[in-house]
Amino acid sequence: MRTSRGALPHAAEPPCRPTPRADSVTGTDFRIVELTDLLTEIDAATGSEAAAAAGTGPARTVWDAASVALLPPRLGRPYLRPGDCRAVVASRAGRPVGILPLLRGTPGQTPQALQDPGPELAARLPADPGDLLFVGGCVDLVAGAAVAAELTDEERRTVRRGLVDRAWDRARRDGLVPLALHVRDAEVADFLGPGRRAAEIGVSCLLRLPSDGSDASYLAGLGQSGRRTVLKDRRSVAGAGLRSEVRPAAELTAEAAELVVAVKRRYGVEEHPRLVRARLARWAADPAGERVAFAVCDAGGPVAVTFGCVLGTGLEIYETGLADGHPHRHEAYAESLFQAPIAFAQARGITEIDLGLDATIPKTRRGAALAPTWVVTSDQ
């Protein structure tokens with residue numbers, strides 16, 4: 001479940017941005033385009049999968065990003081309000097190799113991620129959210145850029161820096177306040193530059209699994225306390241009479257909506273079930289990756305449902321719904337968010353599970369590593 005409450009128990013310092021800056025690197029063209037035109041441009045430049053497979057067209061670009069929410073197929077979805085969205089595009093030889101979404105804030109409407117910003121960040125926000133420019137997007141609590149997988153590590157950093165520089169310049173020219181929310185630790189150095197600062201805002205949790213897919217190897221890497229927790233999870237769900245199944249996400253969005261609402265309400269967030277159903281259905285229909293649901297049921301139906309997206313060797317958790325007041329609530333939670341995804345990953349050769357933000361204690365007990373997420377703002 002993607003939430004943002006709290007931070008690491010210590011103050012973290014963002015890594016310094018390395019040199020040279022992207023401006024000094026030739027051969028890359030940076031432009032700002034309407035988001036509605038982005039997929040058309042990418043398809044025209046990189047060709048279709050069928051043409052590439054037949055050898056009659058260019059190879060289709062494979063993109064890397066911190067989240068599936070930042071990949072081109074997701075960015076082009078109409079519910080992201082394309083009239084308010086643009087993207088900085090980096091191209092080489094006429095072919096896109098980097099994409100950074102830019103989302104204009106909505107006048108009078110504060111995004112959920114900024115409902116409780118803290119005094120330091122609040123002092124840097126404009127009076128009207130419509131004057132914000134979210135650099136790297138403002139979807140699924142992650143900001144970042146998509147870069148072509150074919151690039152070297154240094155080329156990726158160079159492209160990301162150039163994209164962010166152009167975004168900040170555009171915000172300044174348009175009289176907007178640029179803001180990048182929940183930049184992942186691996187990319188924050190590329191978001192920094194003259195006149196910018198980063199502050200820790202959340203914690204991401206990543207579970208890395210042994211590449212051999214062995215459950216014994218996973219358990220061995222946990223240590224005694226972690227093994228005890230995981231084995232207790234497995235015994236408890238069996239003893240509670242719950243059953244676990246993995247299904248296509250689209251099959252469970254309607255049933256899961258009330259469970260998601262219950263979790264939101266537990267943390268003081270009210271969201272109408274009909275809106276949740278629509279949001280989950282849109283997410284399940286997105287073309288990027290394979291959308292799956294981990295359902296834990298009793299005789300009456302689902303008690304917990306966790307949605308996730310498989311892309312390559314990674315599984316990214318999107319949302320968890322959980323029945324409030326159920327006698328086996330904890331067992332269903334542990335099975336849906338941890339044990340079922342882990343078993344699925346081991347069977348599918350998946351080596352990383354992105355468990356989302358915060359709720360660090362139950363995640364670290366089961367082997368997750370923590371890293372800060374950052375908010376990047378202007379110094380003034």
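No experiment lies behind these values; they were computed from the predicted model shown.
- Judged purely by atom type and a 3.5 angstrom limit, Asp128 uses its side chain to pair as donor or acceptor with the backbone of Gly108.
- Evaluation of the side chain to side chain contact (heavy atoms under 4.5 Å, CB included) rule for Ala149 yields Val62, Asp64, Arg156 as partners, not counting sequence neighbours.
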Test side-chain contact (heavy atoms from CB on, under 4.5 Å) on Asp286 and Val68; report intermediate values, then the result. CA-CA 10 Å; Asp286 274 348; Val68 294; over 6 Å; no
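- Taking CD of Glu335 as the reference point, atom CZ of Arg234 lies at 9.0 Å (rounded to 0.5 Å).
- At a threshold of 4.0 Å, the pair Arg104-Glu34 does not count as salt-bridged, since none of the basic side-chain nitrogens sits closer than that to a carboxylate oxygen.
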Criterion side-chain contact (heavy atoms from CB on, under 4.5 Å) on Thr28 and Thr158, from CA distance to verdict: CA-CA 10 Å; Thr28 304; Thr158 297; 5.8 Å; no
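- Linking Ile, Leu, Val, Met, Phe, Trp and Tyr residues whenever their side-chain heavy atoms come within less than 4.5 Å leaves Leu322 and Leu242 in two separate clusters.
- Residue Leu355 comes nearest to Ala368 through the heavy atom pair CD1-CB, 4.0 Å, listed as atom of the first residue, atom of the second, then distance.
- Among Gln339, Arg365, Arg228, the one residue that satisfies the side-chain hydrogen bond (donor to acceptor under 3.5 Å, both in side chains) test with Asp233 is Gln339.
- Grouping the Ile, Leu, Val, Met, Phe, Trp and Tyr side chains by contacts below 4.5 angstrom, directly or via other members, places Val142 apart from Leu206.
- The pair Arg184-Asp190 fails the salt-bridge criterion, with no side-chain N (NZ, NE, NH1 or NH2) lying under 4.0 Å from an Asp/Glu carboxylate O.
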For a quick test of your reading: what N or O donor-acceptor pairs under 3.5 Å do the side chains of residues 290-303 make, sequence neighbours left out?
| residue | atom | partner | partner atom | Å |
| --- | --- | --- | --- | --- |
| Glu290 | OE1 | Arg348 | NH2 | 2.5 |
| Arg291 | NE | Ala288 | O | 2.9 |
| Arg291 | NH1 | Trp283 | O | 3.1 |
| Arg291 | NH2 | Ala288 | O | 2.8 |
| Asp298 | OD1 | Gly300 | N | 2.8 |
| Asp298 | OD1 | Gly301 | N | 3.2 |
| Asp298 | OD2 | His326 | NE2 | 2.8 |

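- Looking at every heavy atom in both residues, Leu219 comes nearest to Val230 through CD2-CG1, 3.8 Å.
- The heavy-atom pair separating Pro129 from Thr106 by the smallest distance is CB-O, 3.6 Å.
- Cluster membership for Leu337 and Ile361, using ILVMFWY side-chain heavy atoms within less than 4.5 angstrom, is not shared.
- Residues passing the side chain to side chain contact (heavy atoms under 4.5 Å, CB included) test with Glu258, sequence neighbours excluded: Pro273.
- Grouping the Ile, Leu, Val, Met, Phe, Trp and Tyr side chains by contacts below 4.5 angstrom, directly or via other members, places Val263 apart from Leu275.
- The two residues Asp379 and Arg124 come nearest to each other via the heavy atoms O-NH1, 2.6 Å.
- One hydrophobic cluster holds both Val159 and Val88 under the rule that ILVMFWY side chains link at heavy-atom gaps under 4.5 Å.
- Contact detail for Leu70 and Gly136: the closest heavy-atom pair is CD2-O, 3.4 Å.
- Summarising the geometry, atom CG belonging to Leu222 is positioned 8.5 Å from atom OG1 belonging to Thr229; distances are rounded to the nearest 0.5 Å.
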Just do the side-chain contact (heavy atoms from CB on, under 4.5 Å) check on Ser378 and Val177 with the steps written out, would you? CA-CA 8 Å; Ser378 297; Val177 177; over 6 Å; no
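- Between Glu150 and Arg92 there is no salt bridge, since no side-chain N of the basic residue sits under 4.0 Å from a carboxylate O of the acidic one.
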Check step by step if side-chain contact (heavy atoms from CB on, under 4.5 Å) holds for Leu133 and Asp174. CA-CA 10 Å; Leu133 183 67; Asp174 291 348; over 6 Å; no
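- Closest non-hydrogen pair, Leu207 versus Tyr218, comes out as CD1-CE1, 4.3 Å.
- In this structure, CD1 in Ile32 is found 7.5 Å from CZ in Arg86, a value given to the nearest 0.5 Å.
- A distance of 5.5 Å separates CG in Leu357 from NE2 in His182, rounded to the nearest 0.5 Å.
- Here Asp169 pairs with Arg172 in a salt bridge; the nearest charged N to carboxylate O distance falls below 4.0 Å.
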